[in-house]
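Step one of this worksheet: look at the structure below.
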Amino acid sequence: MLNCLLKHKSIVIVLAVLLPRIAWFIYLGGYFPEPPRDQGIYLRLAGRIASGDGLSFSEDLGWLKNLRAGETSLETAWSSDPDYVFGMVPVETPTASLEPGYPVILALMYSIAGPTTGAAFLLNCIFALIGAWALWKMVAENWGKKQAFFAALIWSLYPYYVYYSAYAMTDSIHISMLPLIMWLTLHSVKTMKSGFPAGIASGFLFLIRSTAVVLLPLQMIYLLFKKKWKTSLFLLAGFAVCCVPWVVRNQIELGSPVFLPTKGSLNLWMRNNPEIIAMEGIVLPGWIEDGINRRDLLVYPPMDGLSGELERSRVLSERANQFIFANPVLFLYLSVIRLGLFISPVGGTLSNPIFILVGFLLYLPLLVFGVTEIIRRRKDSRILFLGSFFLVYLLMHSLAHGGVRYRLPVETVLIIASVLFMSRKCKWVEENNACIQ
């Protein structure tokens with residue numbers, strides 16, 4: 001049976017990628033999942049780019065956010081002026097508030113499939129196929145073809161990854177690009193020229209999700225540890241090829257070489273604000289709540305006289321940093337809570353009964369087996385590199401994420417390590433003549 005599956009491995013993996021995603025899309029009736037989250041923003045940005053207006057927010061979006069402002073004073077504060085989105089980005093002007101990658105490629109899909117939900121779904125499926133292929137290549141090159149098949153199969157069917165494939169957001173592409181980056185980085189140790197596409201992949205993902213910038217130092221450290229000095233330069237060159245046009249564009253349009261999206265300042269201010277995190281279901285204990293300092297910094301800053309996106313973002317960033325430094329205990333407490341939720345089988349807002357069941361029956365074994373195997377193979381630099389990917393993402397999301405909305409995109413590492421764990425155990429059973437034939 002296994003040999004038959006391996007003989008037709010490409011067909012099996014393609015079907016494993018497409019069938020559950022098609023079934024999920026059909027179940028949704030062709031609509032996007034709820035809650036909507038940031039889908040509307042990305043869809044509108046893609047539409048603006050497709051119509052020739054570039055990366056900018058329309059005037060009607062400003063009015064829409066103004067009309068839909070919540071009842072709390074905080075929500076009203078950044079939605080009260082319809083001439084600004086997020087309270088900081090002027091409408092009908094070029095913006096650097098969000099990463100440009102996803103809106104641009106979604107706009108390209110619009111030119112092929114039209115401005116439909118199917119365009120976003122098709123885009124996510126294409127990247128899922130790329131992710132499964134990259135995972136197969138990486139595991140096959142380093143640990144064996146059978147291990148590669150099972151790793152790619154589990155990855156393709158992983159319920160959390162299937163779930164986000166119907167969202168018009170960056171999550172699915174983020175998940176799919178990580179195996180490609182891992183494989184190209186490991187492969188570049190063998191082939192120097194692979195450093196350049198590894199840098200391209202990392203730069204592309206950065207333009208999709210800017211938090212991926214933390215991967216570049218990790219890649220550099222691994223290559224330098226392997227004494228691949230020239231390869232590391234190729235890596236940097238590939239990353240620069242992707243990112244320099246973005247920086248140059250911002251210098252021309254905004255008068256400053258913005259590298260990280262300006263909306264990060266709003267996220268930084270929001271993620272440690274007790275009133276806002278309460279909406280995420282995180283309630284502070286009394287001893288933390290009573291010890292909060294500088295509550296004046298929790299008020300959305302007045303923006304009178306500040307017309308530009310960069311000025312408003314700078315003010316908000318300063319306020320966020322001042323609050324964090326004034327409340328280190330709160331910041332540490334929230335980081336620990338988020339870390340626990342990210343590795344918990346219950347998860348964050350994916351806490352409905354179905355996902356809780358999946359968490360205990362699938363994710364928890366992957367976590368236990370994966371971490372066990374990473375520790376066991378810690379002297380293997382390849383496993384150490386993948387384990388570092390997981391650890392860096394876990395810490396980064398715990399420290400800097402605005403809300404616990406999904407499983408970590410890099411749980412691919414747990415899938416790989418778990419397959420290695422199970423293949424080793426199966427080999428042990430076979431060697432002891434106890435394997436069921």
Side-chain angles (χ1 to χ4, degrees), residues 1-3 5-6 9 12-13 16-17 20 128 131-162 175-176 178-183 185-187 189 218 222 339-340 342-347 355-395 397 406-437:
M1 180 63 177
L2 177 59
N3 289 333
L5 291 175
L6 289 172
K9 58 184 181 296
V12 172
I13 296 302
V17 169
W133 170 78
L135 184 63
W136 170 278
K137 293 287 292 183
M138 173 175 55
V139 179
E141 284 184 8
N142 290 280
W143 297 287
K145 291 184 178 180
K146 289 183 179 179
Q147 291 86 342
F149 174 77
F150 284 112
L153 186 63
I154 294 172
W155 187 92
S156 301
L157 298 172
Y158 196 48
Y160 301 108
Y161 292 171
V162 173
I175 290 164
S176 300
L178 288 173
L180 182 63
I181 292 172
M182 294 176 193
W183 169 55
T185 305
L186 291 177
H187 190 70
V189 174
L218 189 59
Y222 178 70
L339 187 148
F342 275 123
I343 62 175
S344 165
V346 176
F355 276 114
I356 291 176
L357 183 63
V358 170
F360 280 99
L361 295 182
L362 179 59
Y363 164 75
L364 190 57
L366 289 178
L367 178 66
V368 173
F369 295 158
V371 171
T372 299
E373 195 66 10
I374 290 171
I375 293 173
R376 181 183 178 275
R377 298 184 184 232
R378 60 189 179 278
K379 294 183 179 180
D380 183 339
S381 61
R382 299 164 301 176
I383 291 294
L384 189 61
F385 173 67
L386 298 186
S388 298
F389 252 67
F390 183 82
L391 183 60
V392 165
Y393 257 76
L394 177 60
L395 294 176
H397 278 65
Y406 52 85
R407 301 241 56 97
L408 290 173
V410 78
E411 281 172 13
T412 295
V413 171
L414 298 181
I415 293 174
I416 296 171
S418 294
V419 168
L420 297 180
F421 174 89
M422 290 183 285
S423 66
R424 180 170 56 82
K425 289 297 182 182
C426 183
K427 183 178 180 181
W428 181 87
V429 172
E430 290 176 347
E431 289 175 349
N432 286 271
N433 298 318
C435 189
I436 299 175
Q437 300 296 326

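What you see is a predicted model; the values in this text were computed from it and never measured.
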Search all heavy atoms of [X] against all heavy atoms of [Y] and return the closest pair with its distance.
| X | Y | answer |
| --- | --- | --- |
| Glu411 | Tyr161 | N-OH, 3.3 Å |
| Trp136 | Phe149 | CZ3-CA, 2.9 Å |
| Pro179 | Met138 | O-CE, 4.3 Å |
| Leu362 | Pro159 | CD2-CD, 3.4 Å |
| Ile13 | Ser156 | CG2-OG, 4.0 Å |

(request) Flag the pair Val413 / Tyr393 as yes when at least one side-chain heavy-atom distance between them is below 4.5 Å, and no otherwise. (result)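 They are not in side-chain contact.
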(message) Can you confirm whether Arg382 sits close enough to Trp143 that some side-chain heavy atom of one is under 4.5 Å from a side-chain heavy atom of the other?
(response)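 Heavy-atom side-chain distance check passes, below 4.5 Å.
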(message) Walk me through whether Val410 and Met182 qualify under side-chain contact (heavy atoms from CB on, under 4.5 Å).
(response) CA-CA 10 Å; Val410 78; Met182 294 176 193; 3.6 Å; yes
(message) Run the ring pair (Phe, Tyr, Trp, His ring centres under 6.0 Å) test against Trp133 and tell me which residues pass, sequence neighbours left out.
(response)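 Per chain and number, Trp133 pairs via ring pair (Phe, Tyr, Trp, His ring centres under 6.0 Å) with Trp183.
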(message) The test is side-chain contact (heavy atoms from CB on, under 4.5 Å); show your working for Arg424 and Arg376 and say whether it passes.
(response) CA-CA 11 Å; Arg424 180 170 56 82; Arg376 181 183 178 275; 3.3 Å; yes
(message) Angle between ring planes, Phe355 versus Tyr160, binned at 30° and 60°: parallel, tilted or perpendicular?
(response)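 The rings of Phe355 and Tyr160 lie parallel, inter-plane angle below 30°.
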(request) Mind telling me whether Phe421 and Phe369 have parallel, tilted or perpendicular rings, with 30° and 60° as the class edges? (result)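 Ring orientation, 0 to 90° scale: parallel.
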